[in-house]
> 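Below is the structure I would like to discuss, written out as C-alpha cells.
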Protein chains: 2
Amino acid sequence: MFILKLMMVTLSEENYLKAIYHLGRLGSLSVSTNAIADRINAKASSVTDMIKKLAEKNLVNYVKYQGVSLTEQGRITAATVVRKHRLWEVFLVEKLNFRWDEVHDIAEQLEHVKSEKLVSKLDAYLGYPTRDPHGDPIPDKDGNIKSIEKSLLSQLRLNDSCVCVGLIDSSSDFLKYLDKNKIALGSNIQILSKESFDDSMTINVDGNIINISQQISNNLYVKIK
Amino acid sequence: MFILKLMMVTLSEENYLKAIYHLGRLGSLSVSTNAIADRINAKASSVTDMIKKLAEKNLVNYVKYQGVSLTEQGRITAATVVRKHRLWEVFLVEKLNFRWDEVHDIAEQLEHVKSEKLVSKLDAYLGYPTRDPHGDPIPDKDGNIKSIEKSLLSQLRLNDSCVCVGLIDSSSDFLKYLDKNKIALGSNIQILSKESFDDSMTINVDGNIINISQQISNNLYVKIK
DNA sequence: ATTAATATTTAGACAAAACTAAATATTTTA
DNA sequence: TAAAATATTTAGTTTTGTCTAAATATTAAT
Ligand SMILES: [Mn+2]
Ligand SMILES: [Mn+2]
Ligand SMILES: [Mn+2]
Ligand SMILES: [Mn+2]
C-alpha cells in the first residue's frame, strides 16, 4: 500500500514559486537570484536560503550560481497559486464591484487560502472565466494556460485596427491612467498617426481621439483585426 | 498633528484574541491560560508568552496567575475577526453552495484576510446578514452584536412549540447528525414527550417524529412560540 | 588576460511562535 | 492548616524566514 505524503507548501514558499513562475515566463528558463530578490522585495541571501529549501522539496532545479527553474511539481504548484489569484480578482471585480486597480493586493492574500473545493466552486460560480480583470490568462485545474495571439500596440502600423486584450504593466498607476483615458479591455483602437521622433501615436479609442506615448503603447497588448 | 500608529496584529495574535473573546463570552470575564491552550491546541507556556505580547500591545488586561481579559481595543479586534469569519461562512453557503458542515475550516483561513473595504463590500453583497449559517450572530462594523432571546430546547416543557434558532456545538459531526434528522435553523419543533429517566425527548420537527437524547436537546437553541 | 564590477553564496544574528522541562503559585483536599 | 493536586510561569530550545556583512564566483571592461 502506498503512503501518499502530501507536501505542505508554506505561504512564503508559494510566493517564491510564483515569482520564479512569472520571471521564467518572460525571460529565460533559468531565473537569477537577484531577479527573484527584486520581485519579492527580499535580499539575495534570503532568496538563496529559500531556493535551497525548495530544491530539497523537489519544487525547483537549482545549480549553484546558475539560477533556478521550476520542476514540473513546482510549476503546477505555482500555477495553482496564480489560478487562485486571478479567480479571486475576477470575483472581486465581477461580484463585489471593485475597480481593476484595487484588487491585486487583496488577491495576494486570498491566493493562499487552501481548499481545492473552494477553488473549483469559485471557478464555477464565476462561470469558468479564462481571463482575469487585467486580461491575464487563468490557468486551469492542471496549471495549463491557453495563450491567445496578441501583439504590442507599439508594433502596429499606421491605420491598423485592433482590440485591446491585455497589459504588460498592471500597476495601479497604469490602470488609473487607462481609466482616465477610457482605455479598457475590449476597447477598439485604430492608429491614426505615428510620430517617428518619440514613437508617440494618435489613436482612436472607441471614438475618442487621444495621444499616447511609447511607454503606453509598449504596455498594451492588442489583437489585430 | 497626530501620528496615527496603526497596529499590526499577526494571524496568530488574532487567533488568540478570538479564543479569549469566545471563552469570555460564555464563562467569566477572566479567561484562564489553560482554557485558551485547550481551545487553541497549544501548550500553556505558549499561551503565557503570547498573552504577554498582547498585554504589551494593550489588547488584553493581564495579571499574572489571574487570567486575562480583552481590552476595548482587543474586543473590537476580536469581534472584527469573528465578523469576517461569519460573513465568509454566509458567502460559502449562500453563494458557493457549500454545506454548513464544510465551511468552518475555510472561514478560519478567510477571516485573516485584511481589507476593510473587502469586508464592507462582502457584507453588502450578502445583503447585510445578521446570522451565520449556524445561527451565530454576526458582529457589526463596530464589533457589536444584537442577541436574540432564546432558550435551550432541553429547558422547554411538554407540548411547548418553538423554532430552532441556533446551536451550541457547531462541530461537523453534530451538523451532520442534524442534517440526517432533518433538523435545520428555522425548523418548527414541538415537544411530544419527555423521558425523565434519561431526559431524552420525542419531538415533532416539521412533521417528522423523532427521538433525541439530552446531548442533542442541550445543544439546540430555540425560540419559544 | 588581468582587473574591476556584479552576482551569489556563506556565516552569523535575530524575531516570531511554538515546544519541553523545571520552577513556582494557587487551589483543593484531607 | 499542611499536603497534594493543579495551574501558571520561567528558562532554555527549535524552526521558519528574514537580515547584514563577509567571502567567493561569475561576468564585463580595459
Ligand atoms: Mn494581481
Ligand atoms: Mn491580474
Ligand atoms: Mn465557524
Ligand atoms: Mn459559524
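Note that this is a predicted model, so its numbers are computed, not measured. In the text below, chain A, chain B and the rest are named by the order of the sequence lines, each starting its count at 1.
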> Indicate whether OP1 or OP2 belonging to C:dC19 is found under 4.0 Å from a side-chain N or O atom of B:Ser46.
yes
> Output yes when at least one side-chain N/O atom of B:Asn34 is less than 4.0 Å from OP1 or OP2 of D:dT8, else no.
yes
> Would A:Lys95 pass as a cation-pi partner of B:Phe91, given that its NZ or CZ must be under 6.0 Å from the six-membered ring centre and within 45 degrees of the axis?
no
> Is it true that the side chains of A:Ser171 and A:Asp169 contain a donor and an acceptor less than 3.5 Å apart?
yes
> Which of these nucleotides, D:dT20, C:dC19, C:dT9, is closest to any side-chain atom of A:Ala44?
C:dT9
> Rounded to whole Å, how long is the line connecting atom CG of A:Leu11 with atom C1' of D:dT16?
12 Å
> Consider salt bridge (Lys or Arg N to Asp or Glu O under 4.0 Å). Of B:Lys84, B:Arg83, B:Lys18, which one does B:Glu111 pass it with?
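Looking at B:Lys84, B:Arg83, B:Lys18, the match for B:Glu111 under the salt bridge (Lys or Arg N to Asp or Glu O under 4.0 Å) is B:Lys18.
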> Please determine if a side-chain N or O atom of B:Lys64 lies less than 4.0 Å away from the OP1 or OP2 oxygen of D:dT10.
yes
> Nearest whole angstrom, please: distance from the C1' of C:dT26 to the CD of B:Gln66.
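Rounded to whole Å, this separation is 9 Å.
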> What is the distance, rounded to the nearest whole Å, between atom CD of B:Glu56 and atom P of C:dA15?
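Between P of C:dA15 and CD of B:Glu56: 15 Å.
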> Of all the choices, C:dA18, C:dT9, D:dT18, which nucleotide is nearest to the side chain of A:Tyr62 once you look at every atom?
C:dT9
> Grab the NZ-P distance between A:Lys43 and D:dA21 for me, whole Å please.
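Answer to the nearest Å: 10 Å.
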> So, does B:Tyr16 get its side chain near the phosphate of C:dA16, meaning an N or O under 4.0 Å from OP1 or OP2?
no
> Whether B:Glu14 and B:Lys114 form a salt bridge (side-chain N of Lys/Arg under 4.0 Å from carboxylate O of Asp/Glu) is what I want to check.
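Yes.
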> Figure out the CG/P separation between A:Asp49 and C:dT8, and round it to whole Å.
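After rounding, the reported distance stands at 15 Å.
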> Over how many whole Å does the gap from B:Asn15 atom CG to C:dA16 atom P extend?
17 Å
> Does A:Glu89 come within less than 4.0 Å of A:Arg86, counting only side-chain N to carboxylate O?
no
> Could you check which of C:dT8, D:dC19, C:dA18 has an atom nearest any side-chain atom of A:Ser32?
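In terms of side-chain proximity for A:Ser32, the closest of C:dT8, D:dC19, C:dA18 is C:dT8.
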> Kindly point out which of C:dT24, D:dT18, C:dT9 is positioned nearest to the side chain of B:Tyr65?
C:dT24
> Please state how far atom CE in A:Met50 lies from atom C1' in D:dT18, giving the value in whole angstrom units.
9 Å
> Using the side-chain heavy atoms of B:Thr33, tell me which of these nucleotides is nearest: C:dT9, D:dT18, D:dT9.
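Nearest listed nucleotide: D:dT9.
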> Please confirm whether the shortest side-chain N or O distance from A:Ser12 to OP1 or OP2 of D:dT18 is below 4.0 Å.
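The answer is yes; a side-chain N or O of A:Ser12 sits under 4.0 Å from OP1 or OP2.
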> Among D:dT18, C:dT10, C:dC19, find the nucleotide with the atom closest to the side chain of A:Lys52.
C:dT10
> Taking donor-acceptor contacts at under 3.5 Å, does the side chain of B:Ser45 reach the base of C:dT20?
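Per atom types, the contact qualifies.
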